[in-house]
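Just below is one structure, and these are the notes that go with it.
Source: prediction; values computed, not measured. Each chain gets a letter, A, B and so on, in the order the sequences are listed, and its residues count up from 1.
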Protein chains: 4
Amino acid sequence: MPKLGMEPIRRAALVKATIAEVGDVGSLQVTVGQIARRAGMSTALAHHYFGGKDQIFLAAMRHILSEFKAEVLAELAQAKPDARAEAIIRACFAQSCFAPRAISAWMTFYVMAQTNSEALRLWRLYQCRLRSNLCHALRPVARDPKVAAAVLSALIDGLYLRAALNDPEAGEVATQRALTVLHLLCDR
Amino acid sequence: MPKLGMEPIRRAALVKATIAEVGDVGSLQVTVGQIARRAGMSTALAHHYFGGKDQIFLAAMRHILSEFKAEVLAELAQAKPDARAEAIIRACFAQSCFAPRAISAWMTFYVMAQTNSEALRLWRLYQCRLRSNLCHALRPVARDPKVAAAVLSALIDGLYLRAALNDPEAGEVATQRALTVLHLLCDR
Amino acid sequence: MPKLGMEPIRRAALVKATIAEVGDVGSLQVTVGQIARRAGMSTALAHHYFGGKDQIFLAAMRHILSEFKAEVLAELAQAKPDARAEAIIRACFAQSCFAPRAISAWMTFYVMAQTNSEALRLWRLYQCRLRSNLCHALRPVARDPKVAAAVLSALIDGLYLRAALNDPEAGEVATQRALTVLHLLCDR
Amino acid sequence: MPKLGMEPIRRAALVKATIAEVGDVGSLQVTVGQIARRAGMSTALAHHYFGGKDQIFLAAMRHILSEFKAEVLAELAQAKPDARAEAIIRACFAQSCFAPRAISAWMTFYVMAQTNSEALRLWRLYQCRLRSNLCHALRPVARDPKVAAAVLSALIDGLYLRAALNDPEAGEVATQRALTVLHLLCDR
DNA sequence: AATGAATGAGGATTCATTCAT
DNA sequence: GATGAATGAATCCTCATTCAT
């Protein structure tokens, strides 16, 4: 076992374990001990690398956000100019982002944003980016791109919420619902 | 100070205090002690009347739901037949339902639904009712009332979410956004 | 409902409920609330009549003791002079004293005697009486009546203990075991 | 002060403290706090090593049982073939087993067996072993070894009971009483 | 780098008991 | 005579965090 360069490995393991645990339990009520055990290390080490529980959570939230960002960028990269909005929507409901566990963690971190200012900042960043991406993508096609972007991002969050609560109608048709509204917003 | 029939008074005080406290703190991490103090009684009495923390929370959730229901019914009662959908939307964003504290409590209880089955049941009940109300109201005006109801209810939740996170753009324009989509769904 | 003379009725009901509850639960860990509910009254009334939990327990213990005493006396009254020891033993294992619930309460009160001096006094009283009765009964038949009485009373308690713990061999054959020793002690 | 391998040390300290505390107080009503303080550590550590109050108690009960077993085996090892039964009896009333504190703890754990199934299992195990040992030892000398073993083991428990309640006659003469019966059972 | 050891602070819950009516 | 109301004190248990090794 290497003695150097363990830090990134450990941190990644903890972040992954945090998302999994929070997703499974469905609340921030998970203990550092659970996370550390799942990541295969002692709680002391978890503290050593992150400094505290909140920072572990924040790192996990950042990870989800960056994954989400990557998903969107990848989808956008291969989208035709006038299908960019649809690409973003598809990215939002891609397998990796819409898995029950991921959604559950996602929604749970939302709650954290009510309490923790750094979490709030991250959430706002995500919102901003999403809306800006949407706005840009909608400019060529929608009547009022700004409004359309606001509507769509709110709708996406609402659909996420349902998925987190296992609404039977959520998973399969979420994309359809979003696309329906997208088309309405673009309809001349 | 009356000595008989305190139960309903105490219960109401606890429910009110719970919503206020959860709304302020923005998490279920509030203690029974905080709630009881806010309601002006000992923790033991809170337990005496409700049996446990979860049941206090559930009672608070039920209260929010019933208030919401009343709001919708009141708004519907005085709406013209072809403005019923708009009435529901206006009810959703009425002052009493859209106060920051109420929204925060609302969203927080959502999280509880991931863990607590009774909370989930209540959430589903609310969803069902909202969608059914919307569907009925949309029948005369929307092309596909069922889809329209699904879209609108998801959108409403998404807008709530923003309000809970103090998105500056949320409060004021939430109604506008929802109405925009409503009109799109009804056009023609 | 009569307003006068309730005291003895209430007290009897509480004593009965205490024995039943302690017997069922198998520990002194029963609450005044449980006892009072079983006796069909409020905890406040239980306190009113007995002054406190300990005194309720002591009253129950006294009741068991007095029942036991009555059983022995009844059995002795109709015993031939040289069968008095056997009569005592039979009284000890009579239905009313050897019912699981009674035994369990009995043993539980033993434990109280380690803590509560009044309970200890009562236990010593019972012991004294039992041994004295046995001694007197054994005088005509046993070689050493005092030793025989000591042995038999210890044996009886040991057999009770087994019954309290539901030793399958306890209930049915307890009397046999005790009589066996009795005869050994009297042989010749 | 060593920093590794504390677990067995702590566990032993807790078991010892539990027996002492339960023995002193004479009831299971001792708190984890009392035990932990007596063992020189925090309650949290006690929970850490045992998981809960019941398990601390059970560990203490197991310890008493294993000590008892060792005592019997030691006594049996140096007994002549036809004095084995006497050796067992002497072991039962040896100093280490018959100290007031030990007896009190012993009896108290008996009570736990009425409530806790694992405690009951342990008690049955002890009973089984004692009776089996006695039976084997009595085979060469008693008329009916099985009955004799049953009688003696019940008698031993009865004598313990007296010791737990500080019957002045118990400690000193318990062995004598048991031996008296032993000889009666073996007398041809 | 890693961890077992250790704890203080806190939280839910229970319960005997008191009091006003 | 009877009870609902009310609580303080106590108890079990949890957990984030620190520290020595």
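Distance CD1 (Ile56(B)) to C1' (dT13(E)): 11 Å, rounded to an integer number of Å. Distance CE (Met6(B)) to P (dA5(F)): 8 Å, rounded to an integer number of Å. Atom CD of Gln34(D) is separated from atom P of dC13(F) by 15 Å (rounded to the nearest Å).
Looking at which nucleotide of DNA chain E each of His47(B) and Val32(C) is closest to, the 5′-most match is held by His47(B). Both Gln29(C) and Tyr49(A) lie close to DNA chain E; mapped to their nearest nucleotides by heavy-atom distance, the more 5′-ward contact belongs to Tyr49(A).
If you check every strand for non-hydrogen atoms under 4.0 Å, Phe50(B) touches nothing. Within the 4.0 angstrom heavy-atom criterion, no nucleotide atom of any strand lies near His48(B).
Of the N and O atoms on the side chains of Gln114(B) and Ser104(A), at least one donor lies less than 3.5 Å from an acceptor on the other residue.
Annotation: Glu7(D), atom CD; neighbour count of heavy atoms from other residues, nucleotides and ligands within 6.0 Å is above 12.
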Dot-bracket line, read 5' to 3' along DNA chain E, where crossing pairs take [ ] and | marks a partner on another strand, Watson-Crick or G-U under 3.5 Å: .||||||||||||||||||||
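Annotation for Arg101(D) and Ile19(D): closest pair CG-O, 4.1 Å, computed over non-hydrogen atoms.
One finds a side-chain N or O of Arg10(B) lying less than 4.0 angstrom from the OP1 or OP2 phosphate oxygen of dA6(F).
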